[in-house]
Asker: 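To start, I am sharing the structure in question, which I have written as structure tokens.
Just so it is clear, the structure is predicted and the values come from calculations on it, not from any experiment.
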Amino acid sequence: MIKEDLSVPTAAEFTETLNSGDHLKLIRDWADVVFHTVFVRKHPGLELPALHSVEGHQSFMASPDANAILRALDDFAIPDGADVFIKSEPLRELARNAYMLGAWLTWPGAGIVMNRSLMELLGMNALIPVRGGQERLYQAQVYSVQGESREGRSADVRSQAWKVSGVSVETGLTLTDEFLVYDDGKFLLFDVDGGAVPAPRLRMRSQLDSDEKVLFDTWDRPVYDFEALTRGEEDAVDDPAHDTYVPYPSLLDEALLKSFRELERAVNNEIMPDSSRLQLEVSKDEVFAEVEAPGADCLDRVEGRKFWIVFEDHPDWCLWLGGGGLALTDFSDEVWLPGSTGRHEVPEPLRLKVVRAITWTLFWKGREPGTRVSLFPGQFGGLRPFRPDNLDRIFHPSLEDTRFPVLASMPCSTKQVPVLVHGEVPEGYVIEVLEQLKVPASDLPRGIPRRDSLLLNGAVHFCSMCGPIVIPKAAVEFPDEWYTGIRTSNTQLISDFKTYLGGSSQGKPAPDKDPDSPGAVIGICLGVIALVLMFVLVL
């Protein structure tokens, strides 16, 4: 029930409840309070909250006092010609949208800013009364899984990961259930039994009680679409002219690639559209050589190059072709990466290789619906030349062989280890393990070259002490069930990857400066003068 009493709740009351640390009371007393919010109308079918910046974060402006909002409008930067009005919404609905969109909420005149964690508390938690005067706390995270409609067409199916806890005065919160729930009235999921979610942890909306269905439907509503303000009436993404995807041959049977092809198309069109809008940035750094020169100390760093892909359409994105970089001594006629610093054109074969590596990595990570995809810095180091840990020479990924990289399995005893196969050499396949795990020596596949050089205390520590390795071709398998079944939706995988690209830019080195440029020369001279003055002062 929405609380819209004659008496307006005050900021002091909110602050008192917040400072008490009683989160359940905060949900009870404030989630359904009506807040008045500044909205902008583009046309009758598009009304969205106006955004303003607070400490670098986008924020809604709302208050339970409509007059406070009207007064705040005097200082609010309203776009020319904008149709601005005041709209009333319960705080839980504003908080849900703010949390899903990564926004904050500002209470003008009260000096209160509600950050992301508070938006999650108020928007993604709910209390439901049960028999005996008790309550249950429901906590939700909204996800999507790749599903199939009753007509057999692929579709994104919104689902929710729920935690249900009993509320007791004596014991506080007690977790009683945890499961993934989806709307079975609209879609049929791919092969539920073959999915990554165990059947006991998978619920259908039709199995929920009436109060739970209301909660599911509330959290399932679409969030505010701010991108609609900047695009035309027709969504350009649906324009066939923007689809530049071309499927290429694979080691896998084409029947297993249906879901992969759809994700690869999305990565191609939304992340890596074409080479003309991408650039390869090369920076100078001190790196370890892949192949050590005779007599060199393996701990010595030498001059090398690091490589980043930057995006013309998204200056805040960058993709590091990870690893430790490539030493100048490792460059040869087989290395297709430029050795000169600065920005270069991205070769189209490299773009295609990057698209495939991104897609297979996201495809594997998406096998656990209900979790956000997380990647580590330098995840795509296998796209540049490197030396596998058990090979005595550099492996150069072929730009022409479109079969690689590809997702596969390396059986280790009873465990199927996920790997990305980057290519082949006479000794076998060059693979990179996609999970951090320790494999005992006795579980390793037979015939691995220089096997003992990989061992540490009788095991191989993948993703920590061990990088890419070479294994016999017979040790690589392609389990059919890995390429089908329930998985996170393409929409969410793309969104998670965009977040990764934005975070990668924070670790990007500053552009190299030409030491012979006038600016650099002046800087050096000023530095020398400063040192001389400091020396004089000391004397």
Side-chain angles (χ1 to χ4, degrees), residues 251 287-302 304-307 321-337 339 350 353 356-357 360-361 378-401 403-412 417-477:
L251 290 177
V287 304
F288 294 110
E290 295 286 337
V291 177
E292 300 159 15
D297 189 333
C298 63
L299 298 180
D300 286 342
R301 288 180 176 267
V302 297
R305 299 291 181 258
K306 289 193 173 182
F307 309 94
L321 302 188
L326 193 65
L328 289 182
T329 54
D330 291 328
F331 274 80
S332 67
D333 294 339
E334 294 182 89
V335 176
W336 34 263
L337 290 166
L350 174 59
K353 185 75 71 174
R356 178 145 293 194
W360 276 124
T361 304
Q379 177 87 49
F380 301 96
L383 296 173
R384 63 164 186 82
F386 59 87
R387 184 181 65 83
D389 284 0
N390 60 338
L391 202 64
D392 58 1
R393 63 185 184 277
I394 293 180
F395 167 71
H396 300 86
S398 171
L399 294 186
E400 289 71 34
D401 195 341
R403 300 174 302 163
F404 304 105
V406 63
L407 174 68
S409 164
M410 176 178 67
C412 294
V417 176
V419 300
L420 211 57
V421 183
H422 286 290
E424 54 184 325
V425 292
E427 293 87 345
Y429 282 135
V430 179
I431 62 100
E432 173 188 5
V433 175
L434 292 179
E435 292 182 353
Q436 183 162 338
L437 72 165
K438 181 173 72 172
V439 177
S442 59
D443 292 349
L444 291 173
R446 295 178 178 272
I448 293 181
R450 299 174 60 187
R451 169 181 168 278
D452 291 345
S453 66
L454 305 174
L455 301 178
L456 178 65
N457 297 327
V460 179
H461 299 253
F462 287 106
C463 292
S464 55
M465 301 295 293
C466 185
I469 64 172
V470 177
I471 63 175
K473 291 184 179 180
V476 170
E477 297 179 354

Asker: Indicate the atoms forming the closest heavy-atom contact of Gly339 with Arg305, along with that distance.
Answerer: O-NE, 2.6 Å

Asker: Which word best sums up how the rings of Phe386 and His422 line up, parallel for under 30°, tilted for 30 to 60°, or perpendicular for over 60°?
Answerer: perpendicular

Asker: Are Leu251 and Tyr429 side-chain neighbours, meaning at least one heavy-atom pair lies under 4.5 Å?
Answerer: yes

Asker: Should Leu420 and Leu434 be marked as a side chain to side chain contact (heavy atoms under 4.5 Å, CB included) after you check the CA-CA gap, both sets of side-chain angles, and the distance that decides it?
Answerer: CA-CA 7 Å; Leu420 211 57; Leu434 292 179; 4.2 Å; yes

Asker: Are Arg301 and Phe288 in a cation-pi contact, defined as NZ or CZ under 6.0 Å from the six-membered ring centre and within 45° of the axis?
Answerer: yes

Asker: Side chains of Cys466 and His461: closer than 4.5 Å at any heavy-atom pair?
Answerer: no

Asker: Begin with the C-alpha distance, continue with both residues' side-chain angles, and end with the deciding distance and a verdict on side chain to side chain contact (heavy atoms under 4.5 Å, CB included) for Val439 and Leu444.
Answerer: CA-CA 7 Å; Val439 177; Leu444 291 173; 3.8 Å; yes

Asker: Quick check for you: to the nearest 0.5 Å, what is the distance between Leu321 atom CG and Gln379 atom CD?
Answerer: 12.5 Å

Asker: List for me each residue that meets side chain to side chain contact (heavy atoms under 4.5 Å, CB included) alongside Ala357, sequence neighbours excluded, and say none if there are none.
Answerer: Phe380, Leu383, Pro405

Asker: Asn390 side chain to Pro449 main-chain N or O, any donor-acceptor pair under 3.5 Å?
Answerer: yes

Asker: If every non-hydrogen atom of Val430 is compared with every non-hydrogen atom of Pro388, which pair is closest and at what distance?
Answerer: CG1-CG, 4.0 Å

Asker: What's the separation between atom CD in Glu432 and atom OG1 in Thr361, rounded to the nearest 0.5 Å?
Answerer: 7.0 Å

Asker: Which heavy-atom pair separates Leu407 from Trp360 by the least distance, and what is that distance?
Answerer: CB-CE3, 3.4 Å

Asker: Return the CD to OG distance between Glu334 and Ser398, rounded to the nearest 0.5 Å.
Answerer: 10.5 Å

Asker: Lys353 side chain to Glu400 main-chain N or O, any donor-acceptor pair under 3.5 Å?
Answerer: no

Asker: Please confirm whether the backbone N or O of Pro397 pairs with a side-chain atom of Trp336, one donor and one acceptor, at under 3.5 Å?
Answerer: yes

Asker: Which heavy-atom pair separates Pro445 from Ile448 by the least distance, and what is that distance?
Answerer: O-CG1, 3.5 Å

Asker: What heavy-atom pair brings Leu326 and Pro385 nearest, and what distance separates the two atoms?
Answerer: CD1-O, 3.9 Å

Asker: Keeping Arg387 on the side-chain end and Val291 on the backbone end, is there a donor-acceptor pair under 3.5 Å?
Answerer: no

Asker: Can any side-chain N or O of Asp389 pair as donor or acceptor with the backbone N or O of Gly467 at less than 3.5 Å?
Answerer: yes

Asker: Just how far is it from atom CZ of Phe404 to atom CD1 of Ile431, taken to the nearest 0.5 Å?
Answerer: 12.5 Å

Asker: Could you tell me which non-hydrogen atom of Leu337 sits nearest to which non-hydrogen atom of Phe331, and how far apart they are?
Answerer: O-CE2, 3.3 Å

Asker: Which of these, Glu424, Arg450, Glu427, sits in a side-chain contact (heavy atoms from CB on, under 4.5 Å) with Val470?
Answerer: Glu427

Asker: Going through the checks in order, is the side chain to side chain contact (heavy atoms under 4.5 Å, CB included) test met by Glu290 and Arg384?
Answerer: CA-CA 12 Å; Glu290 295 286 337; Arg384 63 164 186 82; 3.4 Å; yes

Asker: Apply side chain to side chain contact (heavy atoms under 4.5 Å, CB included) to residues Asp330 and Val335 and explain how you reach the verdict.
Answerer: CA-CA 8 Å; Asp330 291 328; Val335 176; over 6 Å; no

